[in-house]
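Just so we're on the same page: letters track the sequence lines, and every chain starts at 1. All figures in this text were calculated on a predicted structure; none of them were measured in a lab.
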Amino acid sequence: MANLNGNVMERIVALCKRRGFVFQSSEIYGGINGFWDYGPLGVELKRNLKDAWWLDMVRNPPLGPDGREFQMVGLDCSIIMHPQVWKCSGHYDLFSDMMVDCQKCKSRFRHDQLYVWEVRSGLEDDPQSKLIGYLATMGNDDDALADVQARARKLSKKISGGRLLDQWQAESIIAYRTRCNNNTDLVRCPSCDEQGSFTTPREFNLMLESHAGPIKDEDNRVFLRPETAQGIFVNFKNVIDTCRVKLPFGIAQMGKSFRNEITPRNFTFRSREFEQMEIEFFCHPSESNRWYEFWRDVRFNWYTSLGLKSAKLRLREHDKDELSHYSCGTSDIEYAFPFLADGDFGELEGVAHRGDFDLRSHMEGKLVNKDGKLVPDLGPDGKPKWKGSGKDLTYFDDERKERFTPHVVEPSAGADRATLAVICEAYTVDESRPSPELMRFHPRLAPIKAAVFPLVAKDGMPEIAEPIYRDIRKRWPAQYDAKQSIGKRYARMDEAGTPFCFTIDGQTKEDGTVTVRDRDTGAQERIDKSRVSEYLAAKLNV
RNA sequence: GCGGGUGUAGCUCAGUGGUAGAGCGUCACGUUGCCAACGUGAAUGUCGUGGGUUCAAAUCCCAUCACCCGCUCCA
């Protein structure tokens with residue numbers, strides 16, 4: 001039986017293992033960091049969640065903010081795409097550079113854009129000259145020079161007669177270390193001027209790489225997608241051209257994505273291989289705020305409809321300074337997972353207003369924010385650093401008689417995180433019950449919908465129970481169990497989160513009724529055995 | 001990435017150099033007439049992995065992997 005002394009998350013992990021919800025990947029070989037497997041119950045649970053999303057968002061979406069219908073279509077694109085997709089989306093640049101972080105002010109600097117200035121006391125040729133420190137700047141233009149001079153004066157006020165001696169670009173770690181004589185802890189942050197707050201330069205390879213083709217070289221290097229969204233954007237024109245969709249409409253996709261997370265942790269919450277459920281919703285720019293608010297609320301309510309009803313679920317609007325450079329609004333749907341500190345929430349889904357950033361990126365090439373405007377990122381030769389597709393991804397609206405680049409609202413959900421939240425929310429301890437641990441899954445998500453038990457495995461009870469079980473099985477995942485005591489069988493179903501158990505007893509032979517036991521209350525009622533499917537249909541479609 | 005902790009049966013854990021253990025779970029048989037019941041019996045271990053010390057290692061040493069906690073990170 002479960003040990004109820006450990007912390008909640010440990011007990012949930014133990015139950016997930018014990019009942020076959022989640023296993024560590026490659027466990028017999030010692031496991032592999034950041035990867036998890038779903039067992040027989042877990043796969044049903046996660047599939048039910050994904051099916052609910054697909055049904056509720058794609059096949060049977062809600063009405064729009066104006067009470068009118070809008071179109072939603074699906075997509076399933078390849079995990080490996082043309083490398084240029086990631087160069088234009090910005091993923092490649094952001095995570096293939098050497099980066100330096102300031103641990104004080106949390107600024108992050110590209111190592112190859114960082115300049116370091118040596119500051120010494122005394123005048124030139126002064127044999128008593130002493131090293132005061134190193135000042136880092138972004139770039140080495142006039143602004144940077146003015147900045148570093150001001151900072152040097154301030155620094156040297158404490159130590160009289162300071163001067164700038166040398167400046168160089170921190171283009172490689174070796175040069176950086178050598179030129180600082182390994183005194184890298186004397187380098188001051190360009191942003192907050194804190195000394196010694198830099199991490200060592202680190203290479204950020206967020207994307208997992210592979211090679212398409214038998215020869216492993218730079219020419220055929222490819223990336224496993226870090227998000228499913230880009231596959232939607234690059235198919236935008238295909239969908240428009242072939243599927244008779246009209247704005248506003250959405251394209252949905254779920255599937256595996258991969259990120260080389262620095263610190264995979266917290267059970268399945270941050271994994272290197274994970275599954276996303278993403279929608280890109282395309283609309284006229286003038287209506288984008290309205291659709292953003294619409295999707296934010298629709299998505300939040302979706303979680304509550306699946307039983308995430310407690311105060312542990314919340315909607316959090318991002319602050320202005322928290323927004324990505326292209327976003328005009330983002331909300332996170334968050335859950336207070338048991339492994340987080342009190343008051344902390346973890347992201348289940350981000351709903352972002354992305355403007356026309358993505359479609360323009362795939363037309364014009366990678367975009368950067370310059371003075372509040374998105375412009376193509378230019379290389380040293382003045383040409384776009386990463387060339388776009390050059391394809392026209394604008395849309396002609398026949399009613400408005402207007403051509404424009406649609407704006408995008410992106411509800412981006414984590415299927416594994418939602419599954420984990422559902423598990424955590426369902427986990428209940430009630431020590432007054434003979435079986436103190438139970439999983440109170442929403443009936444729609446429960447991996448097993450019903451179990452059928454002969455009270456004892458004799459006196460003709462199995463003969464009555466088996467046909468009932470086989471009838472249920474045609475429509476819902478169900479289990480039949482005739483072994484061991486009835487209490488043990490109920491307890492097993494409680495841990496699996498099965499909402500209903502039907503038991504055939506002595507009275508069944510007399511009047512044809514069976515008992516139905518409710519998982520959450522333990523209460524029983526009798527119904528006619530012919531009404532079992534009808535009963536389930538009514539109870540499960542909530 | 002840094003610091004601390006933990007790895008022994010499916011789960012929870014005991015076992016500080018000398019035969020691999022317990023409770024629960026699982027399975028079988030019997031019993032059982034509604035909530036992890038009882039009886040009898042059974043199966044289950046690369047003691048995380050690799051190396052070293054030793055006549056002998058779950059136990060001591062080194063390395064490594066995984067998980068947990070705290071920082072860090074999370075486009």
Examine B:A36: is either OP1 or OP2 under 4.0 Å from a nitrogen or oxygen in the side chain of A:S435? Give yes or no.
-> no
Quick one: does A:R265 reach the base of B:G70 with a side-chain donor-acceptor pair under 3.5 Å?
-> yes
Quick one: label A:G34 by what it contacts on the DNA or RNA (base, sugar-phosphate, nothing), any heavy atom closer than 4.0 Å.
-> sugar-phosphate
Geometric class of the A:F269/A:F337 ring pair [parallel <30°, tilted 30-60°, perpendicular >60°] | perpendicular
Which nucleotide sits closest to the side chain of A:F339: B:A36, B:C69, B:A37?
-> B:C69
Please determine if a side-chain N or O atom of A:N33 lies less than 4.0 Å away from the OP1 or OP2 oxygen of B:C67.
-> yes
Taking B:C11, B:C34, B:C67 as options, the one with an atom nearest any side-chain atom of A:R18 is B:C11
Partner of B:A43 by Watson-Crick or G-U wobble geometry, both contacts under 3.5 Å, or none?
-> none
Hey, can you tell me if A:W86 and A:H91 have their rings parallel, tilted or perpendicular (30° and 60° cut-offs)?
-> perpendicular
Using purine N1 to pyrimidine N3 plus N6-O4 or O6-N4 for Watson-Crick, or N1-O2 and O6-N3 for G-U wobble, each under 3.5 Å, what pairs with B:C38?
-> B:G30
If we call it a pair only when both distances are under 3.5 Å in a Watson-Crick or G-U wobble match, what pairs with B:C11?
-> B:G23
How far does the P atom of B:G23 sit from the matching atom of B:C60, given to the nearest Å?
-> 26 Å
Considering only heavy atoms and no angle criterion, is a donor-acceptor pair shorter than 3.5 Å present between the side chain of A:Y490 and the base of B:C34?
-> yes
Tell me what A:F267 touches on the nucleic acid: a base, only sugar-phosphate, or nothing, going by heavy atoms under 4.0 Å.
-> sugar-phosphate
Under-4.0 Å side-chain N/O to phosphate OP1/OP2 contact, A:K458 with B:U32 = yes
Determine which nucleotide pairs with B:G3, using a 3.5 Å limit on both distances of a Watson-Crick or G-U wobble pair.
-> B:C69
base_contact_polar (B:A36 base, A:R19 side chain, donor-acceptor, <3.5 Å) = yes
Is there a donor and acceptor pair closer than 3.5 Å between the side chain of A:E495 and the base of B:A36?
-> yes
Distance between the C1' atoms of B:C67 and B:C29, in whole angstroms?
-> 40 Å
Would one find a side-chain N or O of A:N266 under 4.0 angstrom from OP1 or OP2 of B:C69?
-> yes
Among the nucleotides B:C34, B:A36, B:A75, whichever has the atom closest to the side chain of A:A491 is B:A36
Of the nucleotides B:G25, B:C34, B:A75, which has the atom closest to the A:P226 side chain?
-> B:A75
Starting at the 5' end of RNA chain B, which residue's closest nucleotide do you reach first, A:Q484 or A:G522?
-> A:Q484
Using Watson-Crick or G-U wobble geometry with both distances below 3.5 Å, tell me the partner of B:U16, or none.
-> none
Given that both distances must come in under 3.5 Å, which nucleotide forms a Watson-Crick or G-U wobble pair with B:A63?
-> B:U49
Can you tell me, in whole Å, how much space there is between the C1' of B:G50 and that of B:U12?
-> 28 Å
If you check every side-chain atom of A:R259, which of B:A75, B:G25, B:C34 has the closest atom?
-> B:A75
Does some side-chain heavy atom of A:D377 sit less than 4.5 Å from a side-chain heavy atom of A:K87?
-> no
Taking for each residue the nucleotide of RNA chain B bearing the nearest heavy atom, is the 5' side occupied by A:R433 or by A:K17?
-> A:K17
Which part of the nucleic acid, if any, lies within contact of A:Q524, taking any heavy atom under 4.0 Å across all strands shown: a base, the sugar-phosphate backbone alone, or nothing?
-> base
For the side chain of A:R517, counting heavy atoms from C-beta on, which of B:C35, B:C69, B:A36 is nearest?
-> B:C35
Have a look at A:I28 and say if it touches a base, only the backbone sugar-phosphate, or nothing, with a 4.0 Å heavy-atom cut-off.
-> base
Nearest to side-chain heavy atoms of A:K483, which nucleotide of B:U12, B:A75, B:A28 | B:A28
